[in-house]
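What you are looking at is a predicted structure, and each value in this text was computed from that prediction instead of being measured.
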Amino acid sequence: MKEGGTAHRLHVEKMLKSLGGHLEAFYFAFGESDAYVISEGPDHVTAAAISLAVMTGAVRTKTTVLLTPVEMDQATRTQVEYQPPGQ
């Protein structure tokens with residue numbers, strides 16, 4: 001934290017841009033998690049690569065994929081055939 005919170009945000013924003021993504025929001029917090037980053041990237045593989053790169057002994061990440069209302073509309077129109085095991 002020697003560089004301050006703004007510098008951390010700028011480092012994250014630069015990393016995301018270099019990978020084809022962008023930063024939506026960056027917040028510091030009290031509690032179980034020290035920071036929340038909302039970003040958009042080109043794909044899930046890039047998100048996994050970022051997670052692997054920033055994980056150290058002191059840093060843990062949790063990625064939650066968010067869906068837009070349009071994506072949910074598409075999901076409701078997607079036909080899925082599924083038979084539970086044993087039926």
What is the distance from atom [atom1] of [X] to atom [atom2] of [Y], rounded to the nearest 0.5 Å?
| X | Y | atom1 | atom2 | result |
| --- | --- | --- | --- | --- |
| R9 | H11 | CZ | NE2 | 12.0 Å |
| E71 | D73 | CD | CG | 10.0 Å |
| L66 | S39 | CG | OG | 9.5 Å |

request  = Quick one: do M15 and V54 satisfy side-chain contact (heavy atoms from CB on, under 4.5 Å)? Show the steps, please.
outcome  = CA-CA 11 Å; M15 174 195 55; V54 301; 4.3 Å; yes

key: Qualifying residues under side-chain contact (heavy atoms from CB on, under 4.5 Å), relative to P42, sequence neighbours excluded   =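 If we apply the side-chain contact (heavy atoms from CB on, under 4.5 Å) test to P42, skipping adjacent residues, the hits are T46.
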
query = Among all residues two or more places apart in sequence or in another chain, which pass the side-chain contact (heavy atoms from CB on, under 4.5 Å) test with Y27?
reply =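 Applying side-chain contact (heavy atoms from CB on, under 4.5 Å) to Y27 gives A25.
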
ask   = If only atom types and distance count, is the side chain of S33 paired as donor or acceptor with the main-chain N or O of A29 below 3.5 Å?
value = no

inquiry  = Taking transitive links into account, so neighbours of neighbours count too, which hydrophobic residues share a cluster with M55 at under 4.5 Å side-chain distance?
reply    =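 Hydrophobic cluster check, M55: joined to L52.
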
For the residue pair [X] and [Y], establish whether any side-chain heavy-atom pair is separated by less than 4.5 Å.
| X | Y | answer |
| --- | --- | --- |
| L23 | I38 | no |
| K14 | K17 | no |
| E13 | L10 | yes |
| F30 | F28 | no |
| M72 | L67 | yes |

